[in-house]
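Worksheet: one structure, shown below.
Predicted model only: the values in this text are computed from it and were never measured. We use all heavy atoms of the structure for the numbers below, so side chains are in, but hydrogens, waters and symmetry mates are not. A, B, ... follow the sequence lines: proteins, then strands. Residue 1 opens every chain.
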Amino acid sequence: GAGVSQSPSNKVTEKGKDVELRCDPISGHTALYWYRQRLGQGLEFLIYFQGNSAPDKSGLPSDRFSAERTGESVSTLTIQRTQQEDSAVYLCASSLAGYGYTFGSGTRLTVV
Amino acid sequence: RKEVEQDPGPFNVPEGATVAFNCTYSNSASQSFFWYRQDCRKEPKLLMSVYSSGNEDGRFTAQLNRASQYISLLIRDSKLSDSATYLCVVNGEGYQKVTFGIGTKLQVIP
């Protein structure tokens with residue numbers, strides 16, 4: 001597609017439930033990032049995929065968080081047993097070899 | 001030391017003022033640099049790349065100082081619509097992971 005697409009745009013879930021967030025990057029973009037942004041805060045790096053290399057998971061805050069990406073296509077971020085502190089906007093960005101990062105409009109997650 | 005450091009502000013400036021932000025980076029091997037703009041409750045968007053020789057886009061000027069390892073963004077004749085958070089972005093060569101700064105908040109007041 002023309003841009004990075006994220007779904008759902010908004011998600012309200014009950015504490016303890018699992019959620020899955022989806023990112024559809026720009027076609028041909030080899031790099032894909034997930035970030036978390038809490039209200040009024042900066043971007044918090046979560047995970048980085050580059051082609052078929054092993055992902056950089058150094059930013060994942062706990063083992064409740066996981067992400068997958070098959071090749072250079074769609075990525076899913078899964079949060080298990082959600083907690084209230086997981087409430088944030090989850091942003092996905094893609095780029096081609098480190099140039100021109102394009103963000104999706106994000107998924108606003110609210111855990112009640 | 002953080003990989004990329006920015007003063008979070010806020011910078012409150014009157015319309016028409018000139019304002020400058022700096023961003024320092026720790027990795028001397030960093031290759032490419034960008035400024036992004038993020039409006040409230042929106043995703044970040046590319047404002048401009050930063051070239052070694054410095055570059056200008058209308059009222060915006062970006063500069064790189066490799067010796068001191070910082071980049072800067074100068075905004076002249078500030079407009080109300082410039083109010084946003086400005087994110088500094090630093091990248092290594094090719095496939096290295098990009099690093100975003102925390103952002104500097106600018107508020108232009110009438």
Side-chain angles (χ1 to χ4, degrees), chain A residues 2-7 9-10 21 23-26 29-60 72 87-110, chain B residues 2-11 21 23-27 29-52 55 57 62 64 71 83-107:
Chain A
V4 177
S5 178
Q6 290 189 246
S7 62
S9 55
N10 281 284
L21 313 181
C23 173
D24 204 337
I26 292 173
H29 277 195
T30 55
L32 186 148
Y33 296 80
W34 282 99
Y35 289 90
R36 178 169 70 179
Q37 189 170 36
R38 293 193 169 103
L39 189 63
Q41 304 296 310
L43 294 176
E44 179 184 359
F45 167 74
L46 297 177
I47 189 167
Y48 165 53
F49 296 92
Q50 175 55 60
N52 293 316
S53 301
D56 179 345
K57 304 180 181 180
S58 60
L60 294 178
E72 296 178 359
S87 296
V89 175
Y90 290 81
L91 289 160
C92 172
S94 72
S95 77
L96 180 62
Y99 297 94
Y101 303 92
T102 302
F103 282 82
S105 55
T107 294
R108 186 172 303 276
L109 175 66
T110 304
Chain B
K2 287 185 179 177
E3 291 181 67
V4 177
E5 292 201 65
Q6 291 185 256
D7 181 344
F11 283 58
F21 311 132
C23 166
T24 59
Y25 60 94
S26 61
N27 185 355
S30 298
Q31 293 289 323
S32 52
F33 308 88
F34 308 90
W35 284 102
Y36 273 67
R37 169 187 170 135
Q38 186 174 25
D39 291 290
C40 188
R41 300 175 78 85
K42 298 285 188 181
E43 72 274 19
K45 293 185 178 177
L46 178 65
L47 177 66
M48 59 197 299
S49 301
V50 185
Y51 302 123
S52 298
N55 48 301
D57 182 2
L64 167 64
I71 65 173
S83 298
T85 296
Y86 292 84
L87 301 167
C88 164
V89 182
V90 177
N91 194 22
E93 185 176 2
Y95 299 107
Q96 293 185 35
K97 188 180 74 180
V98 69
T99 303
F100 279 78
I102 194 170
T104 297
K105 186 173 182 179
L106 171 66
Q107 185 70 47

Name the region of Gln38(B), side chain, backbone, both or neither, that has any atom closer than 4.5 Å to a heavy atom of chain A.
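Looking at Gln38(B), just its side chain touches chain A.
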Quick one: are Val98(B) and Ser95(A) in side-chain contact, heavy atoms under 4.5 Å?
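SC-SC contact between Val98(B) and Ser95(A) ruled out.
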Among Gly40(A), Gly42(A), Gly104(A), residue most engaged with chain B (heavy-atom pairs, under 4.5 Å):
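When all of Gly40(A), Gly42(A), Gly104(A) are compared, Gly104(A) has the most.
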Within this structure, what is the CD-CZ distance for the pair Glu3(B) and Phe45(A), rounded to the nearest 0.5 Å?
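So the CD of Glu3(B) and the CZ of Phe45(A) are separated by 9.5 Å.
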Rounded to the nearest 0.5 Å, how far apart are OG1 of Thr85(B) and CG of Leu43(A)?
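Result: 10.0 Å between the selected atoms.
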Describe, in one word, how the ring planes of Phe103(A) and Phe100(B) are oriented to each other, choosing from parallel (under 30°), tilted (30 to 60°) and perpendicular (over 60°).
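Phe103(A) vs Phe100(B) ring planes: perpendicular.
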Would you find a donor on one side and an acceptor on the other, under 3.5 Å apart, between the side chain of Tyr101(A) and the backbone of Lys45(B)?
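Judged by distance alone, no pair lies under 3.5 Å.
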Please evaluate residues Val89(A) and Arg41(B) with respect to the criterion side-chain contact (heavy atoms from CB on, under 4.5 Å), reporting the C-alpha separation (whole Å), side-chain torsions for both, the decisive distance (0.1 Å), and the verdict.
CA-CA 9 Å; Val89(A) 175; Arg41(B) 300 175 78 85; over 6 Å; no
Considering only heavy atoms, which portion of Gln41(A) lies under 4.5 Å from any heavy atom of chain B: side chain, backbone, both, or neither?
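No part of it gets close to chain B.
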